[in-house]
Amino acid sequence: MLFSKFFIPTLRETPAEAEAISHVLMLRSGYVRQLASGLYIYLPLAWRVMNKINKIIREEMDAVGAQEISMPGLHPAEIWQKTGRWSDIGDEMFRLKDRGGRDMCLGMTHEEIITWLASVEIRSYRDLPRIWYQIQTKFRDEARPKSGILRTREFIMKDSYSFDRDEDGLEGSYQKHAAAYHRIFARCGLKFYQVQSDPGMMGGAAAHEFMAPSPAGEDTIVLCSKCGYAANTELALSVPPPQKITGAENPPIPPLTKGGEGGLEDIPTPDKRTVAEVSNFLKAHPSCFIKSLLLIGEDGPFLALVRGDRELHEKKLTKIAGEFRAARKDEVKEILGVEAGFIGPHNNKLKKIADVSLKEGIYITGANREGFHTKGIKPGVHFEAEWHDIHIAQEGDKCSVCGAEIRLEKAIEIGNIFKLGTKYSRPLKAIYLDENGKDRTVIMGSYGIGPARIAAAAIEQNHDKDGMIWPQSIAPFDIEIIPLDLGDGEIMKTAETIYKDLTNERVEALMDDRPERPGVKFKDADLIGIPYQIIIGKKGLKEGFVELKSRRTKETQRTAPSDVVKRVKERRLNAS
RNA sequence: CGGGGCGUAGCGCAGUCCGGUAGCGCACACGGUUCGGGACCGUGGAGUCGGAGGUUCAAAUCCUCUCGCCCCGACCA
């Protein structure tokens, strides 16, 4: 391909609206243009990358026996009404009416549609198992599109769906997908983790996400390098380290009473309400405090208790206690008779859900008395509670499985796998007859990959100050040929010969035949990030060599023009 | 949906507080000199100042409304 004929509108300056590195680089190096918030045009370079990614996905999906189909992007409302999602899903679904006034929507995902197909076509246990997939556009009216192509309102997704006779079958399909996904992401040159995730509104029992670590990621994952525990913080368990009493000038230890048993002591803490304020005032570490949060649940008010140095995990608590909201100021006063800054778990009969980190230790909490905190609180002694892990895992916590220290990383979700069970097959009546002629509901799984996110993650993980550095497997071209002087007959003859030879060898080469100065060509080549460059200049040619340069390492190998094709092929083999 | 920021030439920005003929750099076109890491000189074209309404002799600038884009949070099937 000739650079002069190929549309690569590189930018010298960084566009103002871009923040994420992948976004900045994709704009600057002429890969994408933004049409509107969350809507992007993929220019030729980006589209080549997408096609390479999709090709890898197809190969690996086909290899586990999946079959590609294509479903409509426009759906009738009726089918979404049958599964209840027409009303469960809010503004995120694009809705419209056809000319006959029928409700329609743009597909955000295709569980309903594929299950409809299964319900019509799958009759017998002999028709199972099945895996069907497509690579197709989805529409979601995102509350906040962001980070370039990482979160958009229209995007391409590989989505596959498995249909099995029973749970064992589903487990098999699930593992097939997990294995295929590992191969896909590895082949795309990504660093990634498979982590436990929240099945959420998809319903069903188990779910995992595939996460590419990157500061641009929207998710945080918890990782244990000792036992391999890996989970999204939306559900990750962890064990906070013991409370820090040492060094405290005012430890939460209660004064001794006659019986030798620790009693409670109220200490004045005027106008000190937050953990930070009281901790500062009393010179005691935040882990010596109990944070008491008054919440209003479906069955009335209750207290959520977490240690002062940890945050309440609302999602975890919702799973335990159902929907809730924070109590308003006047409600706190009415229910506990005291301002929010001074409430504590003792002296009241409210239902309490406490974080497991509070099981050990002695604490300071609000005294349920204006301007006072109470010292010497022993959970289990001075108050009773239901115990659960309801804190957000954070750096410094220990692994809940093996006790080793965990670490947290930001990550981009590039794929997910869900065990759906019968959430869709039951309402849509995807039923088969088993060997005994008995009706059974098909067991389903759903599995997604975001090709654009693979591309963005690849850039986030592979770039330097000069631009992108594509993994060989998904690079838009294998190599860029850079003849430095178009006016020099020998340079051009050498460049054209190499270009032709590479093309004959099915190496995809981009030749920068523009009448630009060398500096411009070098800068653009580094920006667009093709993994290898062949630089052909007057000086080298005089001594009989061209330069084969690695974009990543910037290492340059002097090579005879006649050898360069061979060398390139060697490198490609090593890379894959 | 809550909080913040920004809309001026294709791109990056100044000018807005304090109203008075719309500017700079890059890019673009032409001529010349250059040619191994975003060259230099000269000439030139290009702007409904996001939009609507208002105040004023006069509005990019002040007021009201509105649209769009970005960032943080909420949400994320």
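What you are looking at is a predicted structure, and each value in this text was computed from that prediction instead of being measured. Below, chain A is the first sequence line, B the second, and so on; all start at residue 1.
Using a 4.0 Å heavy-atom criterion, one finds that A:S147 contacts the sugar-phosphate atoms exclusively. Nucleic acid contact class of A:E218 (heavy atoms, under 4.0 Å, all strands): none. Within the nucleic acid shown, A:D91 has no heavy atom closer than 4.0 Å to any nucleic acid atom. Within 4.0 Å of A:L541, counting heavy atoms only, lies no atom of the nucleic acid at all.
Under the salt bridge (charged side-chain N to carboxylate O under 4.0 Å, His left out) criterion, A:K329 pairs with no residue, sequence neighbours left out. Applying the side-chain contact (heavy atoms from CB on, under 4.5 Å) test to A:E413 and every residue at least two apart in sequence or in another chain returns A:E209, A:M211, A:D219, A:N416, A:R453. With sequence neighbours left out, the ring pair (Phe, Tyr, Trp, His ring centres under 6.0 Å) criterion links A:F185 to A:Y181, A:F192, A:F210. In this structure A:K315 satisfies the salt bridge (charged side-chain N to carboxylate O under 4.0 Å, His left out) test together with A:E234, sequence neighbours excluded. Judged as a side-chain contact (heavy atoms from CB on, under 4.5 Å), and not counting sequence neighbours, the contacts of A:K429 are A:I431. Remark: A:F302 engages no residue in a ring pair (Phe, Tyr, Trp, His ring centres under 6.0 Å) (not counting sequence neighbours). With sequence neighbours excluded, no residue forms a ring pair (Phe, Tyr, Trp, His ring centres under 6.0 Å) with A:H391. A:S562 is linked by a side-chain contact (heavy atoms from CB on, under 4.5 Å) to A:A560, counting only residues two or more places apart in sequence or in another chain. Take A:F477 and apply the ring pair (Phe, Tyr, Trp, His ring centres under 6.0 Å) test, not counting sequence neighbours, and it matches A:F6.
In a base pair of the Watson-Crick type (N1 to N3 plus N6-O4 or O6-N4) or a G-U wobble (N1-O2 and O6-N3), with each distance short of 3.5 Å, B:C1 is matched with B:G73. Of the nucleotides present, B:G42 is the one that pairs with B:C30 by Watson-Crick or G-U wobble criteria, both distances under 3.5 Å. Across all strands shown, B:G20 is found opposite B:C57 as a Watson-Crick or G-U wobble partner, with both distances under 3.5 Å. Nucleotide B:G25 has B:C11 as its partner under the Watson-Crick or G-U criteria, with both atom distances under 3.5 Å. Here B:U64 sits opposite B:A52 as a Watson-Crick or G-U wobble pair (both hydrogen-bonding atom distances under 3.5 Å). Of all nucleotides present, none satisfies the Watson-Crick or G-U wobble test against B:G47 with each distance under 3.5 Å.
When the P atom is compared between B:U21 and B:C35, the two are found 46 Å apart, to the nearest whole Å. Taking atom P on both nucleotides, B:U66 is separated from B:C11 by 27 Å, rounded to a whole Å. B:C71 and B:A27 have their P atoms separated by 28 Å, given to the nearest Å. Between the P atoms of B:G44 and B:G23, the separation comes to 14 Å (whole Å). Distance check on atom P: B:C62 versus B:G19 gives 9 Å, rounded to whole Å. B:A9 and B:G47: their P atoms are spaced 10 Å apart (whole Å). Rounded to whole Å, the separation between the P atoms of B:U8 and B:A52 comes to 15 Å. Comparing B:U61 with B:G42, their P atoms are spaced 35 Å from each other, to the whole Å.
The interatomic distance linking A:E19 (CD) with B:C70 (C1') rounds to 8 Å, in whole Å. Rounded to whole angstrom, the span from the CD atom of A:E547 across to the C1' atom of B:G36 amounts to 8 Å. One interatomic measurement links the two molecules: NZ of A:K146 to P of B:C1, which rounds to 19 Å at whole-angstrom precision. Atom CD of A:Q533 is separated from atom P of B:G37 by 14 Å (rounded to the nearest Å). As a whole-Å value, the separation of A:R153 CZ from B:C69 C1' is 11 Å. Between A:D219 atom CG and B:C75 atom C1' there is a gap of 13 Å when expressed in whole angstrom units. Counting to the nearest Å, the P atom of B:G37 and the NZ atom of A:K549 are 11 Å from each other. In this structure, A:H313 places its NE2 atom 11 Å from P of B:A74, rounding to the nearest Å.
In terms of position on RNA chain B, the residue among A:G90 and A:A36 whose nearest nucleotide sits closer to the 5' end is A:A36. Nearest-nucleotide mapping onto RNA chain B: of A:K315 and A:H23, the residue sitting toward the 5' end is A:H23.
Between A:R12 and B:A27, a side-chain N or O to OP1/OP2 separation shorter than 4.0 Å is present. Put simply, A:R144 has a side-chain N or O that comes within less than 4.0 Å of OP1 or OP2 on B:C72.
The base of B:G37 is not paired with the side chain of A:D466 by any donor and acceptor separated by under 3.5 Å.
Below 30°, between 30° and 60°, or above 60°: for A:F94 and A:F139 the angle between ring planes is above 60°, a perpendicular geometry.
Out of B:G36, B:C70, B:A39, the shortest distance to the side chain of A:V520 is found at B:A39.
Ring centroid separation for the pair A:W132 and A:F163 comes in under the 6.0 Å cut-off. Aromatic ring centroids of A:Y40 and A:H23 lie under 6.0 Å apart.
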At a cut-off of 3.5 Å, list every protein nitrogen or oxygen paired with a nitrogen or oxygen from nucleotides 10-14 of chain B, distance to 0.1 Å.
unit_1: B:C11; atom_1: O2; unit_2: A:E13; atom_2: OE1; d: 3.4
unit_1: B:G12; atom_1: OP1; unit_2: A:A16; atom_2: N; d: 3.0

Short N/O separations, protein against nucleotides 29-35 of chain B, under 3.5 angstrom:
unit_1: B:U34; atom_1: O2; unit_2: A:R517; atom_2: NH1; d: 2.5

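In this structure, the side chain of A:H75 engages the main chain of A:P72 through a donor-acceptor pair within 3.5 Å.
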A correct 5'-to-3' footprint of nucleotides 42-51 of chain B, with B, S and - meaning base, sugar-phosphate only and no protein heavy atom under 4.0 Å, is ----------

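Between A:D164 and A:R130 there is no salt bridge, since no side-chain N of the basic residue sits under 4.0 Å from a carboxylate O of the acidic one.
Stacking of A:K419 on the aromatic ring of A:Y174 is recorded, both the 6.0 Å distance cut-off and the 45° axial limit being met.
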